[in-house]
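Remarks on the structure that follows.
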Amino acid sequence: MISRQNIRNIGISAHIDAGKTTISERILFYTGKIHQMHEVKGDEEGATMDYMELEKEKGITITSAATTCFWQDTQINLIDTPGHIDFSIEVERSLRVLDGAIMVLCGVAGVQSQSFTVDRQMKRHRVPRIAFINKLDRIGANPFRVVKELQEQLDLNPLLLQYPIGSEDEFEGAIDLVEMQAHYYQGKHGEQLISKPIPEHLQQEAQTAREELLDRVSMLSEEMMEQILAESEISPQLIWNTIRQGTLSLEFTPVLLGSALKNKGIQNLLDAVSLYLPSPVERELVTATDISKQEEVQINPKADSPSVALAFKLIDDEFGQLTYTRIYAGTLNKGDRLINTRTQKKLRLRRLVRIEVDKRQELESATVGEIVGLMGVDSASGDTLCSIGTNLALEGILTPDPVMTLAITPKNAEDSDRIMKAFNHFVKEDPTLHIATDLESNKTLISGMGELHLDIYLERMKREYNAEAYVGAPAVAYRETITQVASFDYTVQQQIGKTEQFAQVRGRIEPSEERFVWENRASKQEIPNQFIAACEQGFRDAVNTGWLKGYPITGVKVIIEGGACDPNHSSEMAFRIAARAGFEEGFAAAKPTILEPMMLLEVETPREFLGKIQGKLISRRALLLGSSTRDNFEIVRAEVPLAEMFGYSTELRSLSQGMATFSMEFAEYRPLPENLVYALT
């Protein structure tokens with residue numbers, strides 16, 4: 001039985017193509033989890049963590065995969081996450097439950113657009129991290145430049161723990177600046193870690209790098225400071241302990257070097273996971289809300305406490321729904337009864353499994369700090385599962401709004417049922433995927449985070465559910481909002497069917513930072529309690545259907561200040577109609593506008609094409625944020641409306657003779673220029 005002090009729940013995150021899945025494959029190989037390594041691309045088997053057929057075909061990670069391996073006396077629960085921005089929800093919900101992380105950076109490209117997103121997610125969840133600079137065997141690799149970018153662009157405090165031996169295609173290994181040994185990786189797959197004296201020509205540079213490391217680390221240790229001043233020998237254990245202290249407090253980001261594809265540096269990375277990343281009992285205490293008292297409480301990670309767990313990911317398994325779950329307190333046993341505090345429904349834990357990528361290992365119990373799978377449990381992503389009598393709700397998972405919509409039409413009646421079945425499952429798995437029906441055209445509308453995101457689900461719909469559909473052109477997911485405060489006062493007094501209906505709702509709407517907030521300030525005499533829920537539903541009806549152009553409404557707070565009812569003629573239907581009409585009356589007077597999704601764009605291009613690329617971006621309503629030089633390439637950063645980016649990949653290839661690349665991620669919703677509002681259909 002592994003001590004909880006020796007458990008590490010970690011994730012690997014990075015910009016797409018930085019080498020996350022290749023690193024995961026090496027970790028599994030060196031820990032003995034697998035006996036043969038496979039590559040992400042050009043390998044029929046495909047990488048172990050990319051178990052979906054689509055992942056193997058496309059050579060990218062689509063869904064986060066979990067497994068458990070052992071390095072010496074440390075149990076590592078590992079989650080490999082996607083790098084493509086369209087699947088950032090996978091990174092978000094993984095970091096939500098992990099204790100530590102490995103942030104991978106390309107030794108050539110350094111900090112890239114998705115690196116910023118991953119950095120924000122890690123900071124938001126206060127996840128201690130190690131940085132691993134990969135691909136140091138590539139031409140143009142420069143670990144010192146990447147360390148500088150970590151400091152200047154991500155505002156981190158990077159600690160370089162190794163010094164490279166050779167560079168680019170002559171990269172041989174790394175010098176450990178703590179133990180002052182040169183490490184080389186020999187054997188067919190680099191499985192033999194060989195320690196040798198530091199090469200003579202690198203001794204001075206390594207000594208200088210060590211002195212800088214000790215100078216910065218000693219800021220957290222009086223004992224180390226005294227030993228430096230006394231010019232005493234400092235033990236590696238003291239250095240490790242102090243770096244660990246700084247890493248857990250988010251003061252430091254230890255940086256290691258290597259080339260996963262060439263099997264260099266992974267054993268040192270595994271050592272660093274054990275040395276510097278936290279166990280479940282060392283993480284900051286998690287806060288939950290006591291629903292009964294509406295008070296915040298801290299959860300102590302004790303095995304004998306009542307159970308508190310978070311369902312953070314769902315997949316459709318051959319035996320039913322598999323729920324990835326992180327246990328924050330207590331012990332889960334097969335047969336236990338739990339309560340879902342969102343739905344207040346009780347459930348029985350019939351099967352408990354350890355997740356091994358696409359395989360399952362049956363468990364009788366699991367304790368605090370572990371990440372396990374629950375089979376056949378009715379829950380949604382972000383639900384809290386507790387022991388009966390413990391009514392706590394953990395903070396949910398931040399879910400971004402979709403930015404793109406496709407209209408799909410079934411090819412026949414059978415396909416219609418299959419499509420709905422498929423997307424009902426997909427929506428439960430992925431909270432960034434939305435589905436709706438256009439009542440006018442009777443088409444199914446699917447909305448997501450980008451073209452690749454929606455393409456993957458359409459492909460899964462065909463393969464997994466044998467459903468065919470005609471797919472329309474992609475459309476931008478605009479939003480409507482207001483820019484000022486306005487009042488409303490609406491009365492329903494009409495014959496509906498054979499019954500006369502009456503309801504009056506009075507109040508105001510105002511801009512809000514949240515999507516939709518509502519507040520009831522009306523007295524019970526004006527609007528009795530039994531009609532309040534109907535009022536809320538009427539407001540939500542209006543928010544979902546929009547007013548200007550029919551787009552969903554966001555950023556609005558509604559306050560009911562009063563109203564009137566008639567004991568003989570008021571009903572829930574009347575108040576629902578009055579609330580919706582009153583909202584629309586107030587919305588029309590609150591200077592409404594359209595919001596469009598803005599994207600952060602990064603283009604990497606040879607210098608000779610820079611002018612043409614910038615000119616074309618400006619014609620696409622882009623705001624140029626600046627550029628930087630990396631070797632012979634220019635990195636252009638810009639904010640650009642998503643509506644202007646359809647077909648951009650083809651244009652960029654044409655402008656740069658196929659030599660430029662780009663990546664983009666969602667930034668925020670921003671008002672659409674007034675002259676374009678009226679052009680929308």
Side-chain angles (χ1 to χ4, degrees), residues 399 401-402 405 434-440 445 447 477-497 499-566 569-597 669-672 674 677-678 680-681:
T399 305
D401 286 331
T405 299
H434 292 195
I435 184 168
T437 301
D438 186 328
L439 297 177
E440 292 183 10
L445 304 177
S447 302
Y478 292 102
R479 295 286 184 269
E480 298 182 13
T481 193
I482 56 174
T483 57
Q484 64 185 38
V485 178
S487 299
F488 60 86
D489 186 345
Y490 196 88
T491 302
V492 170
Q493 191 167 9
Q494 63 187 73
Q495 193 84 12
I496 300 178
T499 309
E500 186 175 334
Q501 300 283 349
F502 175 85
Q504 182 191 8
V505 175
R506 190 166 35 81
R508 71 176 191 271
I509 65 173
E510 56 189 44
S512 170
E513 291 294 320
E514 299 180 52
R515 293 179 191 173
F516 172 71
V517 186
W518 89 285
E519 183 180 338
N520 175 31
R521 296 183 187 172
S523 68
K524 295 178 182 179
Q525 290 72 33
E526 292 178 294
I527 304 180
N529 285 342
Q530 68 262 34
F531 298 131
I532 295 300
C535 291
E536 179 185 359
Q537 190 57 55
F539 295 139
R540 292 191 181 278
D541 292 342
V543 164
N544 291 334
T545 55
W547 184 81
L548 272 173
K549 298 285 183 177
Y551 299 113
I553 291 170
T554 188
V556 176
K557 180 176 182 179
V558 188
I559 302 169
I560 300 179
E561 297 175 328
C565 76
D566 183 324
H569 301 295
S570 290
S571 66
E572 290 185 1
M573 180 192 296
F575 273 99
R576 183 170 176 174
I577 294 170
R580 175 169 182 164
F583 181 97
E584 292 176 348
E585 179 182 270
F587 192 85
K591 202 175 179 183
T593 190
I594 300 286
L595 298 175
E596 64 174 339
Y669 272 94
R670 201 171 295 162
L672 183 70
E674 197 169 324
V677 171
Y678 301 103
L680 290 176
T681 55

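The side-chain heavy atoms of F583 and I553, taken from C-beta on, include a pair separated by under 4.5 Å. Using a 4.5 Å cut-off on side-chain heavy atoms (C-beta onward), R580 and R576 make no contact. Taking 4.5 Å as the limit, some side-chain heavy atom of R506 sits within range of a side-chain heavy atom of E526. In this structure, the side chains of P671 and L595 come closer than 4.5 Å at one or more pairs of heavy atoms. Counting heavy atoms from C-beta outward, W518 and I532 have side chains that approach closer than 4.5 Å. Looking at Y490 and I577, their side chains never come closer than 4.5 Å, going by heavy atoms from C-beta outward. Two residues are said to be in side-chain contact when any heavy atoms from C-beta on lie closer than 4.5 Å; V517 and E519 fail this criterion.
The number of heavy-atom neighbours closer than 6.0 Å to CZ of F502, taken from other residues, nucleotides and ligands shown, is above 12.
Contact record, C565 with P528: SG-CD, 3.6 Å, taken as the closest heavy-atom pair. Closest heavy-atom contact between A590 and I509: CB-CD1, 4.2 Å. Contact between A564 and F575 at its shortest, heavy atoms only, is O-CZ, 3.3 Å. Residue A486 comes nearest to G586 through the heavy atom pair CB-O, 3.4 Å, listed as atom of the first residue, atom of the second, then distance. T481 approaches G555 most closely through the heavy-atom pair OG1-O, 3.6 Å. Considering all non-hydrogen atoms of both residues, E510 and V485 come closest at CB-CG2, 3.6 Å.
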Are F531 and E572 close enough, and set up right, to give a side-chain contact (heavy atoms from CB on, under 4.5 Å), and what steps lead you there?
CA-CA 6 Å; F531 298 131; E572 290 185 1; 4.1 Å; yes
Apply side-chain contact (heavy atoms from CB on, under 4.5 Å) to T593 and L672, showing your working.
CA-CA 7 Å; T593 190; L672 183 70; 5.7 Å; no
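How far OG of S571 is from CD of Q530: 11.0 Å, rounded to the nearest 0.5 Å. The OG atom of S570 lies 10.0 Å from the CD atom of Q504; values are rounded to the nearest 0.5 Å. Atom CD of E561 and atom CD1 of I527 lie 10.5 Å apart (nearest 0.5 Å). Rounding to the nearest 0.5 Å gives a distance of 11.5 Å between CD1 of I482 and NZ of K557. Summarising the geometry, atom CZ belonging to R540 is positioned 13.5 Å from atom OG1 belonging to T545; distances are rounded to the nearest 0.5 Å.
No side-chain N or O of D566 forms a donor-acceptor pair with one of Q501 less than 3.5 Å apart.
Between F488 and F539, the ring-plane angle classifies as perpendicular under the 30° and 60° cut-offs.
T405 is linked by a side-chain hydrogen bond (donor to acceptor under 3.5 Å, both in side chains) to S447, counting only residues two or more places apart in sequence or in another chain.
Looking at E480, its side chain does come within 3.5 Å of a backbone N or O of Y551 through a donor-acceptor pair.
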